[in-house]
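Single-structure report; data block below.
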Protein chains: 2
Amino acid sequence: MTRRHASIDVDDHPDRGIPRATGKTTIASDQTLHRRILADIEDKIVSGAWPPGHPLPFEVDLAAHYGVSRMTVNKVMGQLVQGGLIERRKRLGSFVAQPKAQSAVLEIHDIGDEVRSLNLEYGYERLSLSRRRASGDDLAWLADASAGDVLAITGLHLAGGKPFCLEERLINLETVPQAADVDFIAIAPGPWLSSLIPWTTAQHRIQAVPADRREHRLLELTPKDACLVIERRTWNGSGPVTRVTMTYPGNRHVVTADFRPSGS
Amino acid sequence: MTRRHASIDVDDHPDRGIPRATGKTTIASDQTLHRRILADIEDKIVSGAWPPGHPLPFEVDLAAHYGVSRMTVNKVMGQLVQGGLIERRKRLGSFVAQPKAQSAVLEIHDIGDEVRSLNLEYGYERLSLSRRRASGDDLAWLADASAGDVLAITGLHLAGGKPFCLEERLINLETVPQAADVDFIAIAPGPWLSSLIPWTTAQHRIQAVPADRREHRLLELTPKDACLVIERRTWNGSGPVTRVTMTYPGNRHVVTADFRPSGS
DNA sequence: TAGTGGTCTAGACCACCGC
DNA sequence: CGGTGGTCTAGACCACTAG
């Protein structure tokens, strides 16, 4: 065991230090090795015992300490890195990361599921559909992609018969030519696309805007109300796919995001 | 090689199928094995060649196909699972996941850094501070924690001399007793806490509200403007730490979130 | 019951980089 | 130069579960 770093301040029981459920910490005993070790080290960091910047023991030492092979420790360290809890540098070692930007996970569900999970009846009503050549506003989204035709759809999602959210969507017909043959009356563009288009990259922008006249009418708002606008642009391997802005009544809708230390 | 699943429809070159940079796909050739294999499989999924529900070859077959050991393939599959691209079930195999809930990563930066990254001068002004016993509203946040004292701080973050965002914060003095000795005039509560308190769990709620009178005045808004309100509740290993409400002028501030297929 | 994923090992080689 | 993390292997055992 090398001598650098402060000694491994884990209790050094005769069981070679593998964390057990018998202590005060809540660690399930019927876990895999790397899960228990991960939980143990996470606890050290989260509890503040190992503050930001604190050096972690080397892989070899951790392996010896927990009585496992280096590969197992390496797996744990990899998960800690991906969770943003530690940073690693060759020759130097591993260190508890400085909490820079908290990253939270924002789950964007299908609107139908979202509504039904509230025990409300879901409905969708197409308001308009038009095919047109990409114009000025659209081009900013299409970027340098050759300006072809786009499909513009607006629709209203209903929850329990009442307006839930207004959808304004643009579909790039160069990437998704099949969309030209759909009228999007029986099915909303979102689920139609997600069943067809594979995984992609997406950017979201969230902002608050005062409701304008059209939103007063469609979303049954009063002139003073605010709207939460979520804009999502989606790309594919072959280019821009769709851009959608969802306008929610701000007083009735909330976006939630959770944060967890590690990926698990 | 077992016979289930459609045959591995990767080009079966004499080089045993290890993806190279020579093809049409953009895969860096000087990558590690598991990165190249990961990129290869990701491409299969993202491009739609393997649609949702499509069965992946078994680990043994993939290992044989790529000419690597099963551990390497297993590492790749683990990353695909964590990226939400595939689902695995024992005895059945691995399948391309149905795109259910898109999950985006929301980065919560330090406000000072955020302002300075806009090339604006950052400033902070404390508006009020009071210590009080936890009352009705606070208790909902503290949950069943014993109701002790809380510190209530309001402050204004400035960008280029102009109001940027209004902060209303509650600090649980039972979890962070040290906060009682700070006046939070020279330093905002956010950075002070993050330099002191280790990593934790957090919940975010984002909504749009019409600006009220106080916000008109403090944020220099007109009566019609909307505000973007981000509420963050933070827990520690030892209990609730802080609850903060950030109110941004909705027309000037946007929250962005990105989505990537895999953790990489 | 047989085949799959999940896990773990003991060892190995290498690139990197501070000393 | 030496020690660290990064990677990869060949093999092993086990739990789970469809058939």
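The structure presented is a predicted model; accordingly, all values stated were derived computationally and were not measured. Chain identifiers are assigned alphabetically (A, B, ...) following the order of the sequence lines, protein sequences preceding nucleic acid strands; residue numbering begins at 1 within each chain.
Rounded to a whole Å, the OH atom of B:Y66 is 14 Å from the P atom of D:dT9. Across the protein-nucleic acid pair, B:E59 atom CD and C:dG6 atom P stand 7 Å apart, rounded to whole Å. Atoms CG (B:L62) and C1' (C:dT4) sit 13 Å apart, rounded to a whole Å.
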Pairing annotation in dot-bracket form, given for DNA chain D with Watson-Crick or G-U pairs under 3.5 Å and | for cross-strand partners
||||||||||||||||||.
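Summarising the local packing, CZ of B:R89 is surrounded by 12 or fewer heavy atoms from other residues, nucleotides or ligands at distances under 6.0 Å.
With sequence neighbours excluded, no residue satisfies side chain to side chain contact (heavy atoms under 4.5 Å, CB included) with A:S194. Every side chain to side chain contact (heavy atoms under 4.5 Å, CB included) that A:L158 has, sequence neighbours left out, goes to A:E125, A:L156. Remark: B:E121 engages no residue in a side chain to side chain contact (heavy atoms under 4.5 Å, CB included) (not counting sequence neighbours). Scanning for side chain to side chain contact (heavy atoms under 4.5 Å, CB included) contacts around B:P191 gives B:D110, B:I187, B:A188, with sequence neighbours left out.
Side chain of B:T175 to backbone of B:V241: no donor-acceptor contact under 3.5 angstrom is found.
The aromatic rings of A:H157 and A:Y124 sit tilted, their planes meeting at an angle between 30° and 60°.
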Audit row: B:D40, B:K44, salt bridge (Lys or Arg N to Asp or Glu O under 4.0 Å) steps and yes/no
CA-CA 6 Å; B:D40 193 51; B:K44 292 275 180 309; 3.6 Å; yes
Which parts of nucleotides 12-19 of chain D does protein reach within less than 4.0 Å, heavy atoms only, written one letter per nucleotide 5' to 3' as B for base, S for sugar-phosphate only and - for none?
B--BSBS-
